[in-house]
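Contents: one structure, followed by commentary.
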Amino acid sequence: MKNFIKNNKVTVVAFIICVIFVVLVFAIKLTFFPNEGTAIYGDRLDGIEKVEITDKQQKGIIKSLEDKDEVKSADTDIKGRTLNVLITVNDDVELDPAKALTSSVIDNLKKDQTSFYDIQVFISKDNDDTRFPIIGYKHQDKDEFSWTKDR
């Protein structure tokens, strides 16, 4: 073993330097990215399976909205604990009737779901109405939607 080290001093030193370099890289990586393997939402989604909004409920929200005369189209999307509802209303709809559409969203959810999920409602028109789009947001702890300022 001593003869090998004596005959290959440069190779042995290069190998030791490489090993030290690899250890340092992993130490730096763990310092700057300690939670790389954990879920993106952490533990914020704990308990979501008990109050999950099903596809059937999402379709019910879309159907109840699209059955209204004011609505052209509707869609839903869930990201984590946020339910996003996208509504396109007819060109002749005013602000107050558009805002009233949120009742169709709430009516299709259970009480424990509305107290777990934040709900965002995006209401837009296909024309160039300067008052639209508007966004309504209901925090899980609140009973009412807050709206973007009327323009």
Side-chain angles (χ1 to χ4, degrees), residues 11 13-151:
T11 306
V13 169
F15 178 75
I16 292 172
I17 290 173
C18 286
V19 169
I20 292 171
F21 179 74
V22 169
V23 169
L24 286 175
V25 167
F26 277 107
I28 291 170
K29 179 189 171 287
L30 290 175
T31 301
F32 289 107
F33 305 104
N35 296 327
E36 188 176 301
T38 59
I40 190 168
Y41 287 104
D43 61 356
R44 291 176 284 177
L45 299 182
D46 288 351
I48 198 168
E49 62 277 347
K50 296 176 186 171
V51 291
E52 184 177 4
I53 297 176
T54 64
D55 288 339
K56 183 178 178 180
Q57 285 177 301
Q58 291 183 57
K59 289 176 184 172
I61 291 170
I62 294 169
K63 182 173 178 1
S64 69
L65 286 168
E66 289 180 343
D67 286 346
K68 303 230 181 247
D69 293 334
E70 299 94 350
V71 177
K72 266 188 190 177
S73 65
D75 196 17
T76 61
D77 182 41
I78 297 177
K79 296 286 186 210
R81 289 178 64 162
T82 304
L83 170 65
N84 296 306
V85 182
L86 310 159
I87 304 171
T88 304
V89 295
N90 294 321
D91 294 340
D92 60 340
V93 175
E94 296 297 321
L95 283 174
D96 289 334
K99 291 178 181 180
L101 295 171
T102 58
S103 64
S104 294
V105 176
I106 299 297
D107 292 344
N108 282 286
L109 298 172
K110 297 175 184 168
K111 178 71 175 155
D112 57 345
Q113 291 171 323
T114 59
S115 62
F116 187 83
Y117 287 88
D118 292 347
I119 302 170
Q120 294 183 108
V121 178
F122 301 89
I123 303 176
S124 63
K125 287 185 178 181
D126 288 335
N127 68 4
D128 293 332
D129 190 336
T130 58
R131 298 172 297 165
F132 285 85
I134 57 173
I135 302 170
Y137 181 80
K138 187 188 110 30
H139 187 269
Q140 63 198 15
D141 296 333
K142 305 289 183 190
D143 293 328
E144 299 291 323
F145 280 84
S146 58
W147 292 93
T148 53
K149 282 191 149 193
D150 293 338
R151 304 171 218 200

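Values reported hereafter were calculated over all heavy atoms of this structure, with side chains retained and with hydrogens, waters and symmetry mates removed.
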Q) Have E70 and N90 got a donor and an acceptor in their side chains that come within less than 3.5 Å? A) no
Q: Taking atom CG of D69 as the centre, report whether more than 12 heavy atoms of other residues, nucleotides or ligands fall under 6.0 Å from it.
A: no
Q.
Would you say that V121 contacts L101 through its side chain, given a criterion of any heavy-atom pair below 4.5 Å between the two side chains?
A. no
Q: Report the C-alpha separation of I106 and K138 in whole Å, then their side-chain angles, then the decisive distance to 0.1 Å, and conclude whether the side-chain contact (heavy atoms from CB on, under 4.5 Å) test is met.
A: CA-CA 10 Å; I106 299 297; K138 187 188 110 30; 4.0 Å; yes
Q | Side-chain heavy-atom pair I48, Y117 within 4.5 angstrom cut-off | A | yes
Q. Is a side-chain N or O of K50 found less than 3.5 angstrom from the main chain of D112, in a donor-acceptor match?
A. no
**Q.** Approximate separation, where rounding is to 0.5 Å, of W147 CH2 and I123 CD1
**A.** 4.0 Å
Q: Return the minimal non-hydrogen interatomic distance between T102 and F145, and the atom names on each side.
A: CB-CE1, 3.5 Å
(Q) Between S146 and Y137 (side chain of the first, backbone of the second, donor and acceptor by atom type, cut-off under 3.5 Å), is there such a pair? (A) yes
Q) Can you tell which of D77, I61, D118 makes a side chain to side chain contact (heavy atoms under 4.5 Å, CB included) with L83? A) I61
Q: Write down the atom of Q120, the atom of T82, and the distance for their closest heavy-atom approach.
A: NE2-CG2, 3.4 Å
(Q) Looking at E66 and K72, would you say the former's side chain and the latter's main chain have a donor-acceptor pair under 3.5 Å? (A) no
Q) For the residue pair A98 and I134, what are the closest heavy atoms and their distance? A) CB-CD1, 4.5 Å
Q. Can a salt bridge be assigned to the pair D129 and R131 using a cut-off of 4.0 Å between side-chain N and carboxylate O?
A. yes
Q: Report yes if some heavy atom in the side chain of I28 is under 4.5 Å from a heavy atom in the side chain of F32; otherwise report no.
A: yes
Q.
For K59, is there an ion pair with D55 - N to carboxylate O distance below 4.0 angstrom?
A. no
Q) Which value, rounded to the nearest 0.5 Å, describes the distance between F15 atom CZ and I20 atom CD1? A) 10.5 Å
**Q.** Distance (rounded to the nearest 0.5 Å) between I53 CD1 and R81 CZ
**A.** 11.0 Å
Q) Distance from I119 atom CD1 to Q140 atom CD, nearest 0.5 Å? A) 10.0 Å
**Q.** Residue pair V51, K110: steps toward the side-chain contact (heavy atoms from CB on, under 4.5 Å) verdict
**A.** CA-CA 9 Å; V51 291; K110 297 175 184 168; over 6 Å; no
Q) Can you name the nearest heavy-atom pair linking V89 to K125, along with the distance? A) CG2-CG, 3.6 Å
Q) Hey, is CG on D128 packed in by over 12 heavy atoms from elsewhere, all under 6.0 Å? A) no
Q: Decide if atom CD of E49 counts as having more than 12 heavy atoms of other residues, nucleotides or ligands within a radius under 6.0 Å.
A: yes
(Q) Working to the nearest 0.5 angstrom, can you tell me the gap between E52 CD and I78 CD1? (A) 7.5 Å
Q: Grab the two heavy atoms, one from I62 and one from A74, that are nearest each other, plus how far apart they are.
A: CG2-O, 3.7 Å
Q | Intermediate values then yes/no, side-chain contact (heavy atoms from CB on, under 4.5 Å), N108 and Q57 | A | CA-CA 7 Å; N108 282 286; Q57 285 177 301; 5.8 Å; no
